[in-house]
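Counting starts at 1 for both ligands and their atoms, in listed order.
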Amino acid sequence: MSQNGSVAVIGGGAWGTALANAVAGRHPVTLWLRDPEAAARIERGRENARYLPGVPLHPGIRATADAGALAAAGTVLLVTPAQTARAVIGQLKSHLPPGAPIVLCAKGIERGTDAFMSAVAAEALPVGTPVAVLSGPSFAADVARNLPTAVTLAAAEAGLAADLAHRLSGPTLRLYHTDDVRGVEIGGAGKNVLAIACGIVAGSGLGESARAALIARAFAELMRFARLYGGRPETLMGLSGLGDLVLTASSPQSRNFAFGERLGAGATPEAAAGGKLAEGAFTAAALVALARAQGLEMPIAEAVADIVAGAARVDAVVARLMARPLKGEVE
Ligand SMILES: NC(=O)C1=CN([C@@H]2O[C@H](COP(=O)(O)OP(=O)(O)OC[C@H]3O[C@@H](n4cnc5c(N)ncnc54)[C@H](OP(=O)(O)O)[C@@H]3O)[C@@H](O)[C@H]2O)C=CC1
Ligand SMILES: O=C(CO)COP(=O)(O)O
């Protein structure tokens, strides 16, 4: 890998800004935003007041909307929502430094194509571009404030994964590494859908016992899905999977959980979204489509997909889940 230590972050939302802050102590960072005015505001105010209010921007970060500034980076983090990844790569491809690894930080599956982020990147990036996936339990607000956080970095080439993990880790952000790209991306994308289900249970007042049962059964679904699509069970039992599910299935700080909570309280999907990103709402249908294509049942993900599409009401879905035939716990 190149010895060039500078890092470019594409996407100046909550997660892009938090990651920029976390690595800026050790590397010069370019934070690229599509909106020149937003970039100028961040440069002037040294704060991303829209997405991470109250968190001072590290002095080593330069915010810009000039795509030409990406060319100097040794490592590029792609941190826009999953459904935009293909378009953003297409738009910026000619500015990306040749040979520099691209770290995919979005947690989702592309609607329409049902493609995982690594597949989208492989199609959209120049042939041979090294790609990695970063995922794990990490609220942007925690990472940006330098609270201790651990995530997983996956790349098909184990040496690249280890290099990137060392390069991006710091005193408060700890990256574990693996070559199980598919397992890590399934963990991140899948948990968002399942966190919505947990929010729905909380919002409809079904109780803590129901929520605990749901987390356990949701994780069983995720494991079955991962096994079918080539993710390793031990990866799913780690940070990107169980770790992230525990975080986002139990905290209103999670936008997916909060979205589900509002749905459970009776809001329409449009009202529940409230202008905030809930990746699971977009990924649910793709996750279910991939499962169905292999004859796999994912009753909890299916319930979320139906509710988000406005095709089922929460009470009907709960009754449907409880009426499923009894079966062995491990099947
Ligand atoms: N927030 C978190 O705690 C974590 C988030 N993630 C993942 O990171 C990804 C991004 O989330 P997050 O940063 O929180 O989202 P935000 O909603 O906070 O920010 C999204 C950012 O992406 C930009 N963007 C959207 N569409 C485009 C586009 N077509 N071209 C260029 N930029 C675009 C937005 O720009 P604009 O303002 O101009 O619309 C904005 O800067 C998601 O997949 C999420 O699951 C992962 C771990 C933690
Ligand atoms: O992925 C996250 C934490 O690991 C962020 O979760 P939300 O997108 O639900 O806020």
**Request:** Could you give me the CA-CA distance, side-chain angles and deciding distance for R167 and T75, then say whether side chain to side chain donor-acceptor pair (under 3.5 Å) is met?
**Result:** CA-CA 9 Å; R167 184 170 287 201; T75 307; 3.2 Å; yes
**Item:** From D244, N192, N256, residue fulfilling side chain to side chain donor-acceptor pair (under 3.5 Å) relative to K107
**Value:** D244
Pick whichever of [options] has a heavy atom sitting closest to [atom].
atom: atom 3 (O) of ligand 1; options: C105, A140, A82; result: A140
atom: atom 30 (N) of ligand 1; options: T17, L52, V88; result: V88
atom: atom 43 (O) of ligand 1; options: R255, Q253, E279, R86; result: E279

**Complete:** When distances are taken from atom 22 (O) of ligand 1, the protein heavy atom at minimum range is P81 CD, 3.3 Å
**Message:** I need the nearest protein heavy-atom contact for atom 28 (C) of ligand 1: residue, atom name and distance, please.
**Reply:** R34 NH1, 3.4 Å
What does the N/O contact table under 3.5 Å look like for ligand 2?
residue  : atom   : partner : partner atom : Å
ligand 2 : 1 (O)  : K107    : NZ           : 2.7
ligand 2 : 1 (O)  : K191    : NZ           : 2.9
ligand 2 : 4 (O)  : K107    : NZ           : 2.9
ligand 2 : 4 (O)  : G136    : O            : 3.1
ligand 2 : 4 (O)  : S138    : N            : 2.9
ligand 2 : 4 (O)  : D244    : OD1          : 2.7
ligand 2 : 4 (O)  : D244    : OD2          : 3.4
ligand 2 : 8 (O)  : R255    : NE           : 3.4
ligand 2 : 8 (O)  : R255    : NH2          : 3.0
ligand 2 : 8 (O)  : N256    : ND2          : 3.3
ligand 2 : 9 (O)  : S254    : OG           : 2.7
ligand 2 : 9 (O)  : R255    : N            : 3.1
ligand 2 : 9 (O)  : N256    : N            : 3.0
ligand 2 : 9 (O)  : N256    : ND2          : 2.7
ligand 2 : 10 (O) : R255    : N            : 2.8
ligand 2 : 10 (O) : R255    : NE           : 3.1

**Request:** Tell me, yes or no, whether the heavy-atom count around E329 atom CD, taken from other residues, nucleotides or ligands under 6.0 Å, exceeds 12.
**Result:** no
**Check: G13 N/O within less than 3.5 Å of ligand 1 N/O** = yes
**Asked** Taking both backbone and side-chain atoms of Q91, is any N or O found less than 3.5 Å from an N or O belonging to ligand 1?
**Response** no
**Item:** Within reach of ligand 1, part of W15 (heavy-atom separation under 4.0 Å)
**Value:** both
**Item:** Partners meeting side-chain contact (heavy atoms from CB on, under 4.5 Å) with L206 (sequence neighbours left out)
**Value:** V201, S204, A210, V318
